[in-house]
2 protein chains.
Amino acid sequence: MTDQAEDRRPLSRRIADQLRKEIESGQHAPGAKLPSQRKLAERFGAVRNTVDEALKILAQEGLVVAEHGRGVFVRVKQPLIRLGSDRYSPKYRESGLSPFLVECAKQGKVGRFEVLGIERIKPDNALADQLKVSDKTKSVVRRENVFYADTDPVYRVTTWIPWRIAQGTGLLQAEVPHQYGIHGVFEDKGHAMARISDEITARMPTPDEVGYLNLSPGVPVIEVMHTSIDQDGEPYEVTRFVMRADMNGLSYNVPVE
Amino acid sequence: MTDQAEDRRPLSRRIADQLRKEIESGQHAPGAKLPSQRKLAERFGAVRNTVDEALKILAQEGLVVAEHGRGVFVRVKQPLIRLGSDRYSPKYRESGLSPFLVECAKQGKVGRFEVLGIERIKPDNALADQLKVSDKTKSVVRRENVFYADTDPVYRVTTWIPWRIAQGTGLLQAEVPHQYGIHGVFEDKGHAMARISDEITARMPTPDEVGYLNLSPGVPVIEVMHTSIDQDGEPYEVTRFVMRADMNGLSYNVPVE
DNA sequence: CAGTAGAACTGGCTCAAGCCAGTTGCGTCA
DNA sequence: TGACGCAACTGGCTTGAGCCAGTTCTACTG
């Protein structure tokens, strides 16, 4: 009776289910190569196309990765880089270490980032609203960065700063003009970080994001819209993180108010 | 020259790219039906299989949804239900409204939940560690719930409570024995919530989750591992949320410490 | 012995054809 | 009029065949 129910499911699904079971039970270890599509086809009495379909299902689930010309491999789970709610804590600013670099170091990786571009632009409505600036003029500075752990791109970061604050600070240059980083600049301008507001969503990447984060199929992205709020309750900076979900997590350890 | 580069990309991708462009430019409005696979095949000079492939790509990106026998439709974006860091705030407990119900009401939906099961079990290592209980005995109670907005399952919630705390409180029954809900019970036991620790990840759903959250392809899940910490810094409850990412977001508005 | 050409493998993608299973609407029949 | 059944549509999936493009290793060549 179970068999009957099984039998009416598509063959590609049944093959995927069987292989998933074998992977989860450890019959195929992480990193191991699965039999070739042609061999699997023979084993399951299906045509290669159908096996290909089954493997695509598993790839979408993030269980396997196909490498052209080499084979299909059980995906090795990457350790997560945890971006914490304490990432803006003053304790990091004084030590000179960013939480990202600390996390990378923990995993024996070298963290670094590249500046992709800096521009003074006209904000869209939502952003103008959030930062309380005009949406008619070039009232914000946008900075684009990519972060790497070793050679893997890990997340893309876009920061928007009101021109009123950025003006005359050198934030239009690639090199951040302060020993404590960009938030040092804000403090000098009279904006100490009192609160943060983070809005978190997850979704499948756009084709663009697949390209610049070098994503394999079945890896979603986490998008964080972060706003820094100063001692007067005024927002003075917005940052968007787009992170690959297979290498990143978030962590919030906060008081209940 | 661009054409040459374009031409060496797989046909299914090029079709997907073209359709994506048309959807994003508004030529196909949200909810609208795309031409049938057979018509698209004719238009693009491809075979139906290839168009099917292209549509699967778009489905995986979360752009379209196929309905068997009816057609392929541009996905309508659901408004997000935002689970906030203030969801455990005392202000809600006294008003008798949960943040989930408030969010649903905002969207004109009726929120409700079902108890799937309650069990006294032996925790796994990580959980035993987190709650500081033994992993050798049935030292925790597990409660499983599903939350619905109207008829859509929105998230699945699993709560683990140390038996030492749950004992004698009636938390083994479906009906929570306190007017302020489960956290009222904890307070009576001397555990006031002082801090929360949330660990957030995103990933593709397991086939199980696809089933009970009724997920369409291309929708990731957000997983939140939440720990409640009392006035003495002791963890006394762990909850895992598995949320469909197309209907849910998280929001943390917290002080910088 | 070093270097290389190529065979034999891998997955990627497309075509062509067909059957099946949902959905919808229309026309017929009671 | 109302119910029912069927035709004509929709997507879902599989077979079978074939070409292409990466990778790997071997055996031959200089």
Side-chain angles (χ1 to χ4, degrees), chain A residues 4-19 23 28 31-75 207 210 214-218, chain B residues 4-19 23 28 31-61 63-75 207 210-211 214-218:
Chain A
Q4 281 187 7
E6 288 294 319
D7 275 342
R8 65 183 58 238
R9 308 194 53 212
L11 179 54
S12 54
R13 297 277 183 85
R14 299 202 309 271
I15 295 174
D17 289 348
Q18 178 59 31
L19 291 174
I23 291 169
H28 305 286
K33 183 173 153 183
L34 294 183
S36 74
Q37 295 187 348
R38 286 158 177 95
K39 278 186 190 140
L40 287 172
E42 199 183 347
R43 168 181 163 196
F44 287 106
V47 96
R48 182 162 79 98
N49 260 336
T50 305
V51 169
D52 189 49
E53 199 55 41
L55 291 172
K56 267 184 197 156
I57 292 172
L58 296 180
Q60 285 298 345
E61 290 174 8
L63 269 181
V64 303
V65 189
E67 293 182 33
H68 191 177
R70 305 219 315 125
V72 177
F73 300 83
V74 179
R75 182 172 286 176
V210 170
N214 193 223
L215 295 173
S216 21
Chain B
Q4 282 187 7
E6 288 294 319
D7 275 344
R8 65 183 60 238
R9 308 195 52 211
L11 179 53
S12 54
R13 297 278 182 85
R14 299 203 306 271
I15 294 174
D17 289 348
Q18 179 59 32
L19 291 174
I23 290 168
H28 305 286
K33 184 174 153 184
L34 295 184
S36 75
Q37 294 187 351
R38 286 157 175 96
K39 278 187 190 140
L40 287 172
E42 199 183 347
R43 168 180 162 196
F44 287 108
V47 95
R48 182 161 80 97
N49 258 337
T50 305
V51 169
D52 190 49
E53 198 54 42
L55 290 172
K56 268 185 195 155
I57 292 172
L58 296 180
Q60 284 297 347
E61 289 174 9
L63 270 182
V64 302
V65 188
E67 294 181 32
H68 191 177
R70 305 219 315 125
V72 177
F73 300 83
V74 179
R75 181 171 286 176
V210 170
N214 192 224
L215 295 174
S216 21

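In the text below, chain A, chain B and the rest are named by the order of the sequence lines, each starting its count at 1.
Distance from the side chain of A/L11 is smallest for D/dT14 among the nucleotides D/dT14, D/dG12, C/dG12. Distance from the side chain of B/R13 is smallest to C/dC13 among C/dC13, C/dG11, C/dA16. When distances run from any side-chain atom of B/P10 to the nucleotides D/dC19, D/dG12, C/dT14, the shortest one goes to C/dT14.
The CD1 atom of B/I15 sits 10.0 Å away from atom CD of B/E53, with the distance rounded to the nearest 0.5 Å. Distance CG/B/N49 to CG/A/N49: 8.0 Å, rounded to 0.5 Å.
In A/E42, the CD atom is not crowded: 12 or fewer heavy atoms of neighbouring residues, nucleotides or ligands sit closer than 6.0 Å. Counting heavy-atom neighbours within 6.0 Å of A/Q18 CD, excluding the residue itself, gives a total above 12.
Here the P atom of nucleotide C/dG12 and the NZ atom of B/K56 are 14 Å apart, to the nearest Å. In this entry the distance linking NZ of A/K39 with C1' of C/dG11 reads 14 Å, nearest Å. Between the CD1 atom of B/I57 and the C1' atom of C/dG12 there is a distance of 12 Å, given to the nearest Å. As a whole-Å value, the separation of B/L58 CG from D/dG11 C1' is 15 Å. For the pair B/R14 CZ and C/dG12 C1', the computed distance is 14 Å after rounding to whole Å. Here the C1' atom of nucleotide C/dT14 and the CZ atom of B/R9 are 16 Å apart, to the nearest Å. Computed from coordinates, the A/L34 CG to C/dT10 C1' distance equals 13 Å when rounded to whole Å. What separates CG of B/L40 from P of D/dG11 is a distance of 8 Å, to the nearest Å.
In this structure, A/E53 reaches neither bases nor backbone, as no heavy-atom distance under 4.0 Å exists between it and the strands shown. The residue A/N49 sits close to a base: some heavy atom pair falls under 4.0 Å.
Remark on DNA chain D: of its neighbouring residues A/S12 and A/R38, the 5'-side contact belongs to A/S12, judged by nearest-heavy-atom nucleotide. Map B/V47 and A/S36 each onto its nearest nucleotide of DNA chain C; the residue landing nearer the 5' end is A/S36.
Put simply, the side chain of A/L34 reaches to within 4.5 Å of the side chain of A/L55, judged on heavy atoms. Looking at heavy atoms from C-beta onward, B/R9 lies in side-chain contact with B/D17 at the 4.5 angstrom threshold.
Among residues two or more places apart in sequence or in another chain, the side-chain hydrogen bond (donor to acceptor under 3.5 Å, both in side chains) test is passed with B/Q37 by B/R48, B/D52.
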What N/O pairs connect the protein and nucleotides 22-25 of chain C at under 3.5 Å? Give each pair on its own line.
unit_1, atom_1, unit_2, atom_2, d
C/dG22, N2, B/G69, O, 3.1
C/dT24, OP1, B/R70, NH1, 2.6

